[in-house]
2 protein chains.
Amino acid sequence: MTDTPTSAAPTDIRGPRLHGVYEALRAAVLSGEIRPGEGISETRVAARYGVSRTPVREAFRRLADEGFLRIVPQVGTFVAPIQLGAVSDSQFIRETLECRTVRLAAERAEAADVAALTRLLDSHRAVMAPDRHAEFFALDEATHAELARIAGRPAVWDLLVAVKAQLDRVRFLSLHSEGWAAKIVGEHQSIVDRVAARDPDGAEEAMRAHLRTVFAAVDEIARTNSHFFET
Amino acid sequence: MTDTPTSAAPTDIRGPRLHGVYEALRAAVLSGEIRPGEGISETRVAARYGVSRTPVREAFRRLADEGFLRIVPQVGTFVAPIQLGAVSDSQFIRETLECRTVRLAAERAEAADVAALTRLLDSHRAVMAPDRHAEFFALDEATHAELARIAGRPAVWDLLVAVKAQLDRVRFLSLHSEGWAAKIVGEHQSIVDRVAARDPDGAEEAMRAHLRTVFAAVDEIARTNSHFFET
DNA sequence: TCGCGTCAACTTGCATACTAGTATGCCATC
DNA sequence: GATGGCATACTAGTATGCAAGTTGACGCGA
C-alpha cells in the first residue's frame, strides 16, 4: 500500500463486465448500429446487458471522453454526431505523424523488418475478397502499426488509433468499391518498396499519397452522408 | 482559450463533485504532492473530500486513462511512475506536430496574429520573476496554443496538452535555474520573429531549437530523479 | 530460528436505493 | 380550439451495502 505497485501490470485489466459493455457499445457506435443523435440510457443498456448501472456508467464516461458519446446531465446520453472539424484534424495529425515515422522506418529498417512487412502484404493480398472486409481492415491497421514499430515509435501508432476514431466512424458508413482493396494494397506495396530501399524521401511521398487516397474516400463519404455530421 | 490550460475534454459539464475531486487529484499528482508509487484508495479519498466513492471512482478511472494512476483490481490504486518511454514518445510527437504547425503559422500569420503573439511575449516578460512561476508556465502554454490557432489547427494543441502530461510531471519535479525564464522567452521571441517574417523554414528551426532546450531540461531532471521513473 | 498455514483487514468491482433536475403530455382554464 | 400549469415519467448524479479477491501479519509447529 505504501511502496511501489509491485510490478508493471497493464493498466487495464478491469472487470469483464465493464470491458464487455465498453467493447459492445464502441463497436455499435463505430459500425453505425447506433446512429449519431440517437439517445441511449444507462438503465436501458444495463438491463439489456444484464448488468447494473455502475459498469455501464464507466463505459459511457470512457466513450464520452473518446468523443463517441455526449452526456448531458439530467437529460440523457446521445451518440455524438461526427464532427467534420475533428475528421479534418485527425487527417492532419495522422499525415504529420505517419509521414515522419515512415521516414524513420526507411532509415532504420533491417532485413527482418522488411520481411515482416512483406509477410503482412502477402496476408493482405489473401483477404481482398469483399466478404473478408474485417480481416482486410485489421491487416491494414497492422501494416501501419508495424511501420511505427520499425521506426522505433510504436506509441505513435497507439496515439493514432485513438485519434483516428472519428475517421473510422466515417469509414464504416460505407463499404468501398470493387477496386478499393487492390488500390490500398498497391499503395502499401509502394511504401514497403521505398522502406526496403532505405529511401526516406520516397517512403514519405508514398505514405502521403496513400493517406491522401484514404482521406479523399472519407471526404466523399462525408459528402454523401451529411445528415450524420456536424460542422 | 481563456479556459484552463489543462483538460482538453470536449463536453464535460458533469457534476461539481466529480469535477472537483478530479481536478484536485490531478493537481496533486502533477505537482508531485502525491509521489509516484504512492498508494491511494477510493475510500480514503472519498472521506477526505467528503463525498462518496462513486465520484471518486470516476475521477480515478479518468486519471488512469490519462496515465496518472494505475488501478490494480482487488489490490489498490497507485500513482503511476513516470515512464521514460512515454516521456520520449511525448517529445517525439510534440516536436513532430509543433514543427509542422509553426510552419503553417508562419505561412498564414496576419498582422493581427503577430500582434497577439507580441502581446503574449510582453506579458511573458512581465512574469519572469521566480515567484510567478505558475503564471510563467501558463503563458508559455498560451503562446504555443496561439501558434496552433494561427496555423488553423487549434485541436493539435488540445491533443498535445494530453500528450504532454507525462512531460509536465517531470517539469514539476524541479523548478528551473535563474536564467531559465529569460532563455525560454528569448526562444519564443525567435520563433515569433520568424513567424512575423513569414519564414516557415526559420520558424521550424527556431521551434526545433526551443523544444530541444525544453527536452534537454526534462532529460536532466529525469537523470537526477531516477527513483520516480520506470523504464 | 525458520517455514508455513490461517486469518483479519484491507482493496476495488458491482448492485441497488435514493436525490435532484428535465422533458413531456395531459388537463383545466380562458 | 389555443394555452398555460401541473403531474408524471423519465434522465444522470450520488450514496451505500455487499461480494470477491489480495496482501501481509501473526502464531503455530518443526
Side-chain angles (χ1 to χ4, degrees), chain A residues 1-25 29 34 36-80, chain B residues 7 9-25 28-29 34-81:
Chain A
M1 163 170 65
T2 51
D3 251 28
T4 58
T6 63
S7 69
T11 315
D12 233 295
I13 324 170
R14 307 260 231 328
R17 289 180 184 77
L18 164 60
H19 196 260
V21 172
Y22 168 78
E23 290 293 343
L25 284 175
V29 172
I34 319 178
E38 198 167 335
I40 56 183
S41 101
E42 295 178 359
T43 310
R44 282 204 305 274
V45 172
R48 176 169 170 182
Y49 289 94
V51 299
S52 80
R53 277 182 57 209
T54 307
V56 173
R57 268 185 69 78
E58 306 206 352
F60 272 32
R61 190 197 62 71
R62 189 167 190 163
L63 291 164
D65 285 343
E66 296 182 74
F68 289 124
L69 299 182
R70 187 165 291 179
I71 300 174
V72 185
Q74 322 304 345
V75 174
T77 298
F78 309 89
V79 177
Chain B
S7 172
T11 46
D12 215 281
I13 326 159
R14 317 277 253 291
R17 287 180 185 77
L18 165 59
H19 196 259
V21 173
Y22 168 78
E23 290 292 343
L25 284 175
V29 171
I34 319 179
R35 308 204 319 199
E38 199 166 337
I40 57 184
S41 99
E42 296 176 358
T43 310
R44 283 206 302 272
V45 172
R48 176 170 171 182
Y49 289 95
V51 300
S52 79
R53 278 181 55 212
T54 308
V56 174
R57 268 184 71 77
E58 303 210 356
F60 273 31
R61 292 237 25 192
R62 189 173 197 148
L63 291 164
D65 285 343
E66 297 182 72
F68 289 125
L69 298 183
R70 186 167 291 179
I71 300 174
V72 184
Q74 283 29 350
V75 175
T77 298
F78 309 89
V79 177

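Computed from heavy atoms alone, side chains included, the values below leave out hydrogens, waters and symmetry copies. Computed from a predicted structure; not experimentally measured. Chain naming here is simple, since letters A, B, ... match the order of the sequence lines and numbering starts at 1 in each.
Put simply, the side chain of B:Phe60 reaches to within 4.5 Å of the side chain of B:Val45, judged on heavy atoms. Within the 4.5 Å cutoff, side-chain heavy atoms of A:Leu69 are placed close to those of A:Val79.
Side-chain proximity of A:Arg53 to D:dT11, C:dG13, C:dA17: nearest is C:dA17. Residue A:Val51 places its side chain closer to C:dA15 than to any other of D:dG13, D:dA15, C:dA15. The side chain of B:Gln74 lies closest to C:dT12, out of C:dA15, C:dT12, C:dA20. Considering only side-chain atoms of A:Arg57, the nucleotide from D:dA12, D:dT16, C:dT16 that sits closest is D:dA12. When each of D:dA15, C:dC14, C:dG13 is scored by its nearest atom to the side-chain atoms of B:Pro73, the top-ranked nucleotide is C:dG13.
Contact annotation: A:Thr54 does not reach the phosphate of C:dC14 (side-chain N/O to OP1 or OP2, under 4.0 Å). In terms of phosphate contacts, A:Arg17 brings a side-chain nitrogen or oxygen within less than 4.0 Å of OP1 or OP2 of C:dA15. Taking side-chain N and O atoms only, A:Arg44 has a distance below 4.0 Å to OP1 or OP2 of D:dT11.
Going from atom CD of B:Glu42 over to atom P of C:dT12 covers 5 Å, rounded to whole Å. The NE2 atom of A:His19 sits 17 Å away from the C1' atom of C:dC14 (whole-angstrom rounding). The OH-C1' distance, from B:Tyr22 to D:dG13, rounds to 19 Å in whole Å. A straight line from CD of A:Glu58 to P of D:dT14 spans 13 Å, rounded to a whole angstrom. Atom OH in A:Tyr49 sits about 15 Å away from atom P in C:dA15, given to the nearest Å.
Residue A:Ser41 is classed as a sugar-phosphate contact, given heavy-atom separations below 4.0 Å to backbone atoms only.
Put simply, CZ on A:Arg70 and CG on A:Leu63 are 14.0 Å apart, with the number rounded to the nearest 0.5 Å. For the atom pair CD of A:Glu58 and CD of A:Glu42, the computed distance is 10.5 Å after rounding to the nearest 0.5 Å.
A salt bridge is absent between A:Asp65 and B:Arg61: the closest approach of a Lys/Arg side-chain nitrogen to an acidic carboxylate oxygen does not fall below 4.0 angstrom.
A residue-by-residue look at B:Gly76 and A:Gly50 shows that B:Gly76 has its nearest nucleotide of DNA chain C further toward the 5' end.
Within 3.5 Å, no donor on the side chain of B:Arg61 pairs with an acceptor on the base of C:dG13, nor the reverse.
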